Amino acid sequence: RVHGGKQNIRDVRADCASPWFVFLQHCTVLKPIFSDLELIDKCIGSRIWIIMKNEREFVGTLRGFDEYVNMVLDDVIEYEITSSGKRVTKIEQILLNCNNVCLLIP
């Protein structure tokens, strides 16, 4: 809580004494079972849906990826949203640059 640009010390002490704050101090952080790359590795050979940063989406079979998560897909369907509507294109194989990938859905 901020009053006139300065933090009220009494408010900070009250927050630290709250049951919620005490509860959070005793919580443990769980480590993930798999790393991100291990999860993507489990998707090799499966159909995945990739949403790009621009107005494009791809659905295809993941064939491989590198340490930067640049991906090779087979039997790809590209969906692109244009001013005239949605355009669908079939592509035999594609290499996707990881810098443009926003979301990967298995």
Side-chain angles (χ1 to χ4, degrees):
R1 296 176 194 125
V2 177
H3 302 282
K6 295 183 180 179
Q7 191 170 14
N8 188 329
I9 299 297
R10 194 171 346 153
D11 291 340
V12 172
R13 285 190 203 131
D15 286 345
C16 293
S18 73
W20 181 246
F21 184 79
V22 172
F23 170 75
L24 288 176
Q25 287 179 325
H26 297 287
C27 289
T28 59
V29 177
L30 299 176
K31 294 182 180 178
I33 296 172
F34 299 106
S35 73
D36 297 339
L37 294 178
E38 288 174 323
L39 287 173
I40 296 171
D41 189 55
K42 290 183 174 295
C43 294
I44 290 181
S46 301
R47 298 285 286 175
I48 59 170
W49 175 23
I50 299 172
I51 300 174
M52 307 298 280
K53 291 180 183 176
N54 52 20
E55 300 294 324
R56 295 165 64 183
E57 299 177 11
F58 296 91
V59 176
T61 304
L62 181 64
R63 289 295 168 216
F65 65 97
D66 62 10
E67 66 269 16
Y68 303 105
V69 194
N70 295 310
M71 293 173 275
V72 175
L73 300 176
D74 285 342
D75 305 320
V76 181
I77 300 172
E78 176 186 7
Y79 300 95
E80 185 173 9
I81 299 171
T82 63
S83 57
S84 60
K86 190 188 320 184
R87 183 174 64 179
V88 178
T89 308
K90 292 186 179 186
I91 305 167
E92 188 175 324
Q93 190 174 62
I94 193 168
L95 171 63
L96 295 178
N97 186 322
C98 65
N99 292 329
N100 298 320
V101 173
C102 179
L103 184 64
L104 186 138
I105 304 166

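Because the structure is predicted, anything quoted here is derived from the model rather than measured. Below, all heavy atoms of this structure are taken into account, side chains as well, without hydrogens, waters or symmetry copies.
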Item to check | Value rounded to 0.5 Å, distance of CG in Leu62 from NZ in Lys42 | outcome: 13.5 Å

Validation: residues 86-93 side-chain donor-acceptor distances under 3.5 Å, sequence neighbours left out:
residue, atom, partner, partner atom, Å
Arg87, NH2, Glu80, OE1, 2.2
Gln93, NE2, Asp74, OD1, 2.7

Item to check | Atom pair CD/SG of Glu67 and Cys98 - distance to nearest 0.5 Å | outcome: 9.5 Å

Next on the checklist: To the closest 0.5 Å, what do you measure between SG (Cys43) and CZ (Arg63)?
Outcome noted: 13.0 Å

Checklist outcome for this item: Rounding to 0.5 Å, atoms CG (Asn70) and CG (Leu96) come to a distance of 8.5 Å

Item to check | Cluster check Leu103, Ile77: I/L/V/M/F/W/Y, side chain < 4.5 angstrom | outcome: yes

Item to check | Single-linkage hydrophobic cluster, 4.5 Å side-chain cutoff, Ile105 and Tyr79 together | outcome: yes

Next on the checklist: As an exercise, state the distance from CG of Leu73 to CZ of Arg47, rounded to the nearest 0.5 Å.
Outcome noted: 8.5 Å

Item to check | Stepwise side chain to side chain contact (heavy atoms under 4.5 Å, CB included) check, Met71 with Val101 | outcome: CA-CA 10 Å; Met71 293 173 275; Val101 173; 3.8 Å; yes

Item to check | Shared-cluster residues of Leu95, by chain and number - hydrophobic side chains joined below 4.5 Å | outcome: Val72

Next on the checklist: Please say yes or no: joined through hydrophobic side-chain contacts below 4.5 Å, possibly via intermediate residues, are Ile40 and Phe58 part of one cluster?
Outcome noted: yes

Item to check | Ile44 reachable from Ile48 in the ILVMFWY side-chain graph, under 4.5 Å edges | outcome: yes

